[in-house]
Asker: 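Sharing a structure, written as structure tokens. Questions coming.
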There are 2 protein chains.
Amino acid sequence: MVDNQSAADILNHMVLDRSPKLDRVFHALAHPARRAILRSLADREANLSELAAPLKMSFPAASKHVKVLERARLVHRRIVGRSHLCRVEGKALEEASQWLESYRRHWERNFLRLDALLDQMKAQERDTPQTPLKSEGDS
Amino acid sequence: MVDNQSAADILNHMVLDRSPKLDRVFHALAHPARRAILRSLADREANLSELAAPLKMSFPAASKHVKVLERARLVHRRIVGRSHLCRVEGKALEEASQWLESYRRHWERNFLRLDALLDQMKAQERDTPQTPLKSEGDS
DNA sequence: AAAATCTGAAACCACATGGTTGACAATCAA
DNA sequence: TTGATTGTCAACCATGTGGTTTCAGATTTT
């Protein structure tokens with residue numbers, strides 16, 4: 001059941017941090033028009049016309065942006081009559097937020113640790129100035 | 001000083017939620033290879049070769065990905081000798097995380113409010129099924 | 001029934017993105 | 001000096017993205 005190809009796929013998957021879900025969410029958030037749409041939907045449902053109106057682009061363009069948000073599961077569409085009502089879907093956003101927050105916290109801990117380490121190294125250098133401590137002259 | 005063009009630009013800016021910084025950060029996070037690079041840099045500094053090694057792509061391709069992370073201010077590069085040492089830069093990440101978290105919290109509050117509202121509507125609809133309620137609060 | 005409205009789909013275009021290869025510069029090690 | 005390591009740059013290519021216009025379908029309104 002596990003041939004070479006799929007084994008390579010698994011490795012690739014692991015090392016490459018593949019997550020099509022995160023791909024789609026972050027890509028969706030990377031465009032100002034789509035963030036504007038999310039902002040429009042922050043408080044109330046809205047149909048496509050209402051969403052497209054403030055955007056300075058054609059209707060089909062705005063519609064495509066909404067589709068991108070839908071693919072990322074950031075927006076859900078409910079068709080009632082000829083009106084397509086959109087609302088925010090929180091789950092995907094929460095996952096992206098968790099990914100970001102976990103990394104941020106990890107790096108924050110590291111920064112604290114590194115700062116302490118650097119302080120320690122500087123203090124030690126004042127005592128025994130032997131090794132020139134190469135990381136001093138960065139930007 | 002404020003002609004029509006720049007006034008339109010300002011409006012566009014406001015309604016479109018423009019933030020090239022967020023554009024760059026989210027776009028940088030939207031590719032699995034770049035998230036993998038960030039993961040490699042989670043604990044230690046690394047030079048480009050070390051970053052490129054686990055990625056299944058050519059060296060220049062990996063180098064481009066690092067450049068994207070640099071443009072987004074997610075990674076900082078320090079050149080020592082022929083080695084380009086990269087480390088994570090926390091500030092841009094923190095801003096993106098704050099943006100996401102603020103929206104997530106806002107929507108979370110709204111979901112609670114909406115859930116209550118929907119329950120209320122369902123109960124009311126069982127009593128008097130009249131209008132399907134298109135959008136009560138139109139701007 | 002007829003007209004207006006809301007939306008989707010398709011065709012098209014300009015440009016960005018993600019990948020390759022090959023040549024080249026700089027640095028370190030022998 | 002020779003050679004290996006590290007990384008950049010330019011050219012090129014395939015595909016994706018973001019925008020337009022045009023046409024057609026479904027739905028509401030008159």
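Proteins come first, then strands; the chains are lettered A, B, ... in the order of their sequence lines, and each starts at number 1. Being a predicted model, the structure only gives us computed values, none of them experimental.
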Asker: Base, backbone or nothing for each nucleotide of nucleotides 22-30 of chain C, written B, S, -, heavy atoms under 4.0 angstrom, 5' to 3'?
Answerer: B----BB--
Asker: Phosphate oxygens OP1/OP2 of dT20(C): is one of them under 4.0 Å from a side-chain N or O of Ser58(B)?
Answerer: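 Yes.
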Asker: Can you see which heavy atom on Ala96(B) is nearest to which on Leu22(B), and at what distance?
Answerer: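 Shortest heavy-atom contact: CA-CD2, 4.0 Å.
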Asker: Under 4.0 Å between a side-chain N/O of Ser63(B) and OP1 or OP2 of dG7(D), yes or no?
Answerer: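 It does not, given that no N or O in the side chain of Ser63(B) lies less than 4.0 Å from OP1 or OP2 of dG7(D).
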Asker: Mark up nucleotides 12-18 of chain D, 5' to 3', with B wherever a protein heavy atom is under 4.0 angstrom from a base atom, S wherever such an atom reaches only the sugar-phosphate, and - elsewhere.
Answerer: ------S
Asker: Could you state the interatomic distance from NE2 (His76(A)) to CD (Glu89(A)), rounded to the nearest 0.5 Å?
Answerer: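 Rounded to the nearest 0.5 Å, the NE2-CD separation comes to 6.0 Å.
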Asker: What ring-ring contact (aromatic ring centres under 6.0 Å, His included) pairs are there with at least one residue in residues 41-67 of chain A, not counting sequence neighbours?
Answerer: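 Found His31(A)-His65(A).
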Asker: Looking at Arg34(B), is its backbone amide N or carbonyl O close enough to the side chain of Arg39(B) to form a donor-acceptor pair, meaning the two atoms are under 3.5 Å apart?
Answerer: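 No, the answer is negative, given that no donor and acceptor are paired below the 3.5 Å cut-off.
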Asker: Please report, rounded to the nearest Å, how far the P atom of dA26(D) is from the CG atom of Leu48(A).
Answerer: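 Whole-Å distance recorded here is 17 Å.
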Asker: In Å and rounded to the nearest 0.5 Å, what is the CG to SG distance from Leu74(A) to Cys86(A)?
Answerer: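 Spacing of CG (Leu74(A)) from SG (Cys86(A)) equals 12.0 Å.
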Asker: Using whole Å, report how far CZ of Arg78(A) lies from P of dC6(C).
Answerer: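 Between P of dC6(C) and CZ of Arg78(A): 17 Å.
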Asker: Could you grab the distance from atom NZ of Lys21(A) to atom NZ of Lys91(A), nearest 0.5 Å is fine?
Answerer: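 The NZ atom of Lys21(A) sits 5.0 Å away from the NZ atom of Lys91(A).
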Asker: Taking the inter-plane angle between the rings of Tyr103(A) and Trp99(A) on a 0 to 90° scale, is it parallel (under 30°), tilted (30 to 60°) or perpendicular (over 60°)?
Answerer: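 Because their plane-to-plane angle is under 30°, the rings of Tyr103(A) and Trp99(A) count as parallel.
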Asker: Glu50(A) has an atom CD; how far is it from atom P of dT5(C), in whole Å?
Answerer: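 Those two atoms, CD and P, are 16 Å apart.
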Asker: Could you measure the distance from the NZ atom of Lys67(B) to the CD atom of Glu70(B)? Nearest 0.5 Å is fine.
Answerer: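 Answer for the NZ-CD pair, Lys67(B) versus Glu70(B), is 8.0 Å.
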Asker: Could you tell me the separation between the CZ atom of Phe59(A) and the C1' atom of dT22(D), rounded to a whole number of Å?
Answerer: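 Taking CZ of Phe59(A) and C1' of dT22(D), I get 15 Å after rounding.
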Asker: Are Ser83(B) and dT5(D) close enough that a side-chain N or O sits under 4.0 Å from OP1 or OP2?
Answerer: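 For Ser83(B), the contact criterion (side-chain N or O under 4.0 Å from OP1 or OP2 of dT5(D)) is not met.
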Asker: With rounding to the nearest 0.5 Å, note down the distance linking CD in Glu50(A) to CG in Leu41(A).
Answerer: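 Reported value, rounded in 0.5 Å steps: 9.5 Å.
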Asker: Specify the separation, in whole Å, of atom CD1 of Ile79(A) and atom C1' of dC6(C).
Answerer: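 In whole Å, dC6(C) C1' lies 11 Å from Ile79(A) CD1.
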